[in-house]
Amino acid sequence: MSYPLPLLPSIPDNLENLDSRHALPHLMALMKNTLIRALNRIHACAPLITIGHTALPSFLDYVRSLLIHLNIHLEEDATFFSTNPLAEIATSETNPDTNVIRESIVSLLSLVSDWIEDESIYCPSALSDALSFGPRMVADMQVQIKMLTPMLLSSIISHSDLLELITDSVSRSSERSDLTFLLPFVLSHHDRTTSAHWPNIHKDGIEMLPTLILSHSGYWQFAPFNPLTREIQSLGVISA
């Protein structure tokens, strides 16, 4: 496997209308696909943005924010599947050990922070090379999603109990995240043609979106979709 990384399979249904034991793997796939798209985008942008490029400061900040968010996501995954009764199925396939991957993320995060402090030492090829954890991460995700069948989940947990665990997990992730980044990020890295129902955003969130976008206005030029219009964005403007 190499870049661009393949996306995880998902369904277009409204997941809120499904039994949580059927919805969970698809919900996970939709969220993980936003992260996969971001890694693909960074890998594609890296050779286009060199020292002196006007977009470099925003690009490095975008990469740093993505890495922080990705690390939170992987940590929460491990926490989620360590919770009883899900701990019963927390095998290497359903709850893969991501310690090595997270170490790579933290190492890259440190490197990006150094580049932010001194852009003159930024190295596009070093960034591309440091994204080498991506294929292993996606391979683990593919196996994880495949293993989480409705039959397996139904054998150990009820719909209502799993729904409560999912809600708690989302709350924990939100509490640890920069919400000015999280909502525009999800919207700008989700392909609505794969699901028009996700993410389900409260009216207040929709109203706040233009303000949230301005909090990191330089980030979204690197995203695959415009966070407001949801239209596809080309990298042509960045490389110009």
Taken to the nearest 0.5 Å, the spacing of H189 NE2 from R41 CZ works out to 7.5 Å
Checking the side chain of T79 only, and the main-chain atoms of E75 only, is there a donor and an acceptor separated by less than 3.5 Å? yes
Euclidean distance, L187 CG relative to L182 CG, rounded to 0.5 Å: 9.5 Å
Donor-acceptor pair, distance only, cut-off 3.5 Å: does the side chain of T34 make one with the backbone of M31? yes
As an exercise, state the distance from CE of M208 to NE2 of H202, rounded to the nearest 0.5 Å. 12.0 Å
Quick one: does any side-chain atom of Y3 pair with a main-chain N or O of L131 as donor and acceptor, under 3.5 Å? yes
Please say which of N71, I72, L66 ends up in a side chain to side chain contact (heavy atoms under 4.5 Å, CB included) with I68. I72
Residue pair T50 / P47: nearest heavy atoms and the distance that separates them: CG2-O, 4.2 Å
So, N226 side chain and E231 main chain: donor-acceptor pair closer than 3.5 Å or not? no
Q144 side chain to T94 main-chain N or O, any donor-acceptor pair under 3.5 Å? yes
Would you check if the side chain of S154 reaches a backbone N or O of M151 as a donor-acceptor pair within less than 3.5 Å? no
Distance from E103 atom CD to T98 atom OG1, nearest 0.5 Å? 10.0 Å
Atom CD1 of I157 and atom CG of L86: how far apart are they, to the nearest 0.5 Å? 4.5 Å
Say whether, by atom type as modelled, one donor and one acceptor occur between the side chain of E207 and the main chain of D204 under 3.5 angstrom. no
Evaluate the side-chain proximity of H190 to S195: yes if any heavy-atom separation is below 4.5 Å, no if none is. yes
Could you pull out the closest heavy-atom pair between A87 and S82, with the gap in Å? CB-O, 3.9 Å
Side-chain donor-acceptor pair under 3.5 Å between N40 and R37, yes or no? no
Can you confirm whether D61 sits close enough to V112 that some side-chain heavy atom of one is under 4.5 Å from a side-chain heavy atom of the other? no
Can you name the closest pair of heavy atoms from F59 and I42 and give their distance? CZ-O, 3.9 Å
Beyond-backbone contact of F185 with P227, side-chain heavy atoms, under 4.5 angstrom: no
Rounded at 0.5 Å granularity, tell me how far CH2 in W220 sits from OH in Y62. 7.5 Å
Please tell me if the side chains of L209 and P184 come closer than 4.5 Å, counting only heavy atoms from C-beta onward. yes
Flag, side chain of R136 to backbone of I101, donor-acceptor distance under 3.5 Å: no
What I'd like to find out is whether the side chain of H197 reaches to under 4.5 Å of the side chain of D13, using heavy atoms alone. no
If you measure only the distance, is there a donor-acceptor pair under 3.5 Å linking the side chains of S10 and H26? no
May I ask you to test the D77-M28 pair for a side-chain heavy-atom distance under 4.5 Å? yes
I want to check something: taking the side chain as every heavy atom from C-beta on, are L165 and F80 in contact at a cut-off of under 4.5 Å? yes
Are L74 and I105 close enough that some pair of their side-chain heavy atoms sits under 4.5 Å apart? yes
When you measure from the side chain of R230 to the backbone N and O of F225, does any donor-acceptor pair fall under 3.5 Å? no
Just by distance, with hydrogens left out, do H216 and T180 show a side-chain donor and acceptor under 3.5 Å apart? yes
